[in-house]
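To start, the structure itself, in structure tokens.
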Amino acid sequence: MTEQLSVDPEWYRKAVFYEVMVRSFRDTNGDGYGDLKGMIEKLDYLKWLGVDAIWLPPFFASPLRDGGYDIADYTAINPLYGSMDDFDAFLAGAHERGMRVVIDFVINHTSDQHRWFQESRSNPTGPYGDFYVWSDTDEKFENVRIIFTDTETSNWAWDEVRQQYYWHRFFSHQPDLNFENPAVHEAVFDIARFWLNKGVDGFRLDAIPYLYVSEGNTGESEPPTHTFIQSLRAMMDREFPGRMLVAEANQLPREVTDYFGSEETPECNMAFNFPVMPYIFYSLKSGDATGLTGVLADLPDVPKGAAWGVFLRNHDELTLEMVNDEERQKMYEWYAPEPRMKVNVGIRRRLAPLLDGRRDKLDLANAILLSLPGSPFLYYGDEIGMGDNIWLDDRDASRTPMQWVETPDAGFSDGDPESFYLPVVASDEYGPHAVNVAAQESDPDSVLWWTKNTLEMRKSLPALGTGSTRLLSTGSPAVLAFVREPEGPGVPVVCVFNFSESDVSATLSSVAPTGSAVVDVRTGETVCEVDDSEELRLDLPAMSWHWLTVS
Ligand code: GLC
Ligand code: CA
């Protein structure tokens, strides 16, 4: 049953990605932490669902003060998750099933427990003395904003050992590496080669805008940061063709697009679409698609061979940095009525509870995710509409154990629930008795089957993977519509979404020539014909979505 990985070097443009933290999926030795053996156990589930690539957040040696994004050793597996042999077996198991594996590459900072930092602080003139950004004063780079506004008051922290300040963009236990130092580049390239030699298919470039900081500037997307990414990409294309980079750059449309680089000097193959994401949630609550349509219209084209990574939720807060103040205020009122639901500049809740557990909204949101230009990134548990636990700290609210079966331990682990890295969600609405994989597997109307079926349908329509996107006027602010035209063989797909709580009539213009038959992909039925004025009139039920082919 060994499947071949496709040889297509642009595989990521057609892939469905699935983000899952090792510790959250399945614990096989009963210690309360999900592990790599558990990941292996669940590969068939992911394959069944329709996943093409798995994104693993950091699983390396770490004090786990930032979910593992505080790395103490880049080439050692955290013993809680298993061994290097386990990782190799996981990677081979994924590849055998035709799935790829993308891992997090966290190079902006390390944990303060990393050997480099320990040596840097104790031996300023030694080989690691300049690995971090040290200063006698904390009054440099004052234009640079603070990211973790809830916990940090400065980007500088005092080190008792070295008697100097060090620079950090995230938690103070995460000192930033000094990219002015060429030895840091070498060290980072070594780590990249280590994992690429093992066979990983790509890296998510964590916190990538922040590599360089200079006086008077913002410390975000500074030119040498781009130059560094170009050199990393060039190395990968030369030594490891077919592997990819996806940028985590929470920036405005123009600035995110810069992370793709140009055809001559490519940077990342993909970038997460941070500008579009919050406007999906804005439309879902306001019933008005104007903002979403606007941001889609403003999105610059991506270079040839590149693709957006589209997402609704991930392991972080739903960030509201890309909407304006007024929109942010409304979104806090709508989506974070309890103060505990907020964190930093965002909201720490999962998809289903954000959408009030409403199935119509969940389907609409997921349908947009699968229709927008680029490749979708699903977040583990959202395929069954899992809930969150806002009583947990920080972003742990939406990082609880995966719910496989209805028992209180959710089938996550055979160990003592007291020992779990985080408790299983226990609410009436979202506990494992109400939300679990096993029950949904035997219910054809479940969110799980919806996800599986819709992913399959999407795969049969190549236009939805790599096609171009043209926005259509709809005559109604509640309705978003665009047509995806295939790059190669395939049919154009008209994607239509009604965000209103009421039925709406829409008139789409310039879709296809008069007389063309319009077929609803989901039902196979002819909906109507394009009329004499080349317009398409549609009656759309409240909160509905449609994939239409025109022939
Ligand atoms: C990224 C990660 C986030 C982490 C931060 C610092 O934004 O997604 O989880 O806390 O980087 O590493
Ligand atoms: Ca375990």
Side-chain angles (χ1 to χ4, degrees), residues 19-42 55-60 62-72 74 77-83 86 90 102-112 114 146-152 155 167-177 203-211 220 246-251 271-272 274 277 309 311 313-319 321 343-346 348 377 379 393-399 401-402 409 411-417 419-422:
E19 176 190 11
V20 55
M21 286 165 285
V22 174
R23 68 173 183 171
S24 307
F25 219 37
R26 164 80 184 134
D27 167 26
T28 56
N29 64 351
D31 67 353
Y33 280 75
D35 40 54
L36 288 159
K37 288 203 166 83
M39 290 298 311
I40 298 172
E41 210 177 273
K42 298 301 182 185
W55 155 26
L56 293 187
F59 47 85
F60 318 106
S62 163
L64 296 182
R65 296 178 67 193
D66 182 17
Y69 283 89
D70 45 333
I71 297 177
Y74 287 94
I77 308 280
N78 189 322
L80 283 170
Y81 305 147
S83 65
D86 293 340
F90 163 72
V102 170
I103 67 173
D104 244 287
F105 201 47
V106 187
I107 56 177
N108 177 68
H109 48 268
T110 69
S111 159
D112 59 6
H114 198 290
I146 290 165
I147 297 171
F148 284 166
T149 49
D150 284 3
T151 36
E152 301 299 328
N155 287 317
W167 180 249
H168 64 89
R169 289 307 302 276
F170 294 92
F171 289 121
S172 58
H173 58 75
Q174 289 166 315
D176 275 35
L177 285 165
F203 296 126
R204 168 185 181 269
L205 294 183
D206 179 73
I208 201 64
Y210 315 117
L211 300 190
E220 306 198 1
V246 50
E248 187 217 11
N250 188 358
Q251 310 276 307
F272 285 111
F274 278 97
M277 182 277 296
F311 65 101
R313 294 294 297 108
N314 58 26
H315 68 286
D316 286 325
E317 68 273 29
L318 191 175
T319 143
E321 284 175 12
V343 70
N344 303 321
V345 190
R348 46 194 213 98
F377 280 70
Y379 183 51
D393 285 337
D394 194 4
R395 290 152 294 162
D396 282 346
S398 48
R399 298 175 177 178
M402 179 67 177
D409 62 21
F412 162 69
S413 165
D414 303 329
D416 174 5
S419 74
F420 290 7
Y421 73 98
L422 288 176

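Since the model is a prediction, treat every value here as computed from it, not as a measurement. Whatever order the structure lists them in is the order used to number ligands and atoms, beginning at 1.
- A side-chain donor from one of Tyr69 and His315 sits under 3.5 Å from a side-chain acceptor of the other.
- Salt bridge annotation for Asp396-Arg65: absent, with no cationic side-chain nitrogen under 4.0 angstrom from a carboxylate oxygen.
- Of the candidates Glu152, His109, Glu220, Glu220 is the only one forming a side chain to side chain donor-acceptor pair (under 3.5 Å) with Arg169.
- Coordination check, Tyr33 versus the Ca ion (ligand 2): passed, since an N/O/S atom of the residue sits under 3.0 Å.
- For residue Ser413, no N/O/S atom approaches the Ca ion (ligand 2) to within less than 3.0 Å.
- The closest side-chain donor-acceptor pair between Ser413 and Asp27 falls under 3.5 angstrom.
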Report all N/O contacts between ligand 1 and the protein shorter than 3.5 Å as a table of atom names and distances to 0.1 Å; if there are none, say 'none'.
{"from": "ligand 1", "atom 1": "7 (O)", "to": "Glu248", "atom 2": "OE1", "distance (Å)": "3.3"}
{"from": "ligand 1", "atom 1": "7 (O)", "to": "Glu248", "atom 2": "OE2", "distance (Å)": "2.9"}
{"from": "ligand 1", "atom 1": "8 (O)", "to": "Arg204", "atom 2": "NH2", "distance (Å)": "3.0"}
{"from": "ligand 1", "atom 1": "8 (O)", "to": "His315", "atom 2": "NE2", "distance (Å)": "2.9"}
{"from": "ligand 1", "atom 1": "8 (O)", "to": "Asp316", "atom 2": "OD2", "distance (Å)": "2.4"}
{"from": "ligand 1", "atom 1": "9 (O)", "to": "His315", "atom 2": "NE2", "distance (Å)": "2.9"}
{"from": "ligand 1", "atom 1": "9 (O)", "to": "Asp316", "atom 2": "OD1", "distance (Å)": "2.7"}
{"from": "ligand 1", "atom 1": "9 (O)", "to": "Asp316", "atom 2": "OD2", "distance (Å)": "3.4"}
{"from": "ligand 1", "atom 1": "9 (O)", "to": "Arg395", "atom 2": "NH1", "distance (Å)": "3.2"}
{"from": "ligand 1", "atom 1": "10 (O)", "to": "Asp66", "atom 2": "OD1", "distance (Å)": "3.0"}
{"from": "ligand 1", "atom 1": "10 (O)", "to": "Asp66", "atom 2": "OD2", "distance (Å)": "2.7"}
{"from": "ligand 1", "atom 1": "10 (O)", "to": "Arg395", "atom 2": "NH1", "distance (Å)": "2.9"}
{"from": "ligand 1", "atom 1": "11 (O)", "to": "Asp206", "atom 2": "OD1", "distance (Å)": "2.9"}
{"from": "ligand 1", "atom 1": "11 (O)", "to": "Asp206", "atom 2": "OD2", "distance (Å)": "3.2"}
{"from": "ligand 1", "atom 1": "12 (O)", "to": "His109", "atom 2": "NE2", "distance (Å)": "2.7"}
{"from": "ligand 1", "atom 1": "12 (O)", "to": "Asp206", "atom 2": "OD2", "distance (Å)": "3.3"}

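- Salt-bridge annotation for Glu19 and Arg313: absent, with no side-chain N of the basic residue lying under 4.0 Å from a carboxylate O of the acidic one.
- Take Asp316 and apply the salt bridge (charged side-chain N to carboxylate O under 4.0 Å, His left out) test, not counting sequence neighbours, and it matches Arg395, Arg399.
- Closest to the Ca ion (ligand 2) among the N, O or S atoms of Asp35 is OD2.
- Counting only distance, with no hydrogens or angles, the side chain of Asp66 and the backbone of Gly68 share no donor-acceptor pair below 3.5 Å.
- Vertex the Ca ion (ligand 2), arms ending at OD1 of Asp31 and OD1 of Asn29: the angle is 80° after rounding to 10 degrees.
- The only member of Asn344, Asn314, Asn250 that meets side chain to side chain donor-acceptor pair (under 3.5 Å) when paired with Thr319 is Asn250.
- Of all N, O or S atoms in Asp27, the one lying closest to the Ca ion (ligand 2) is OD1.
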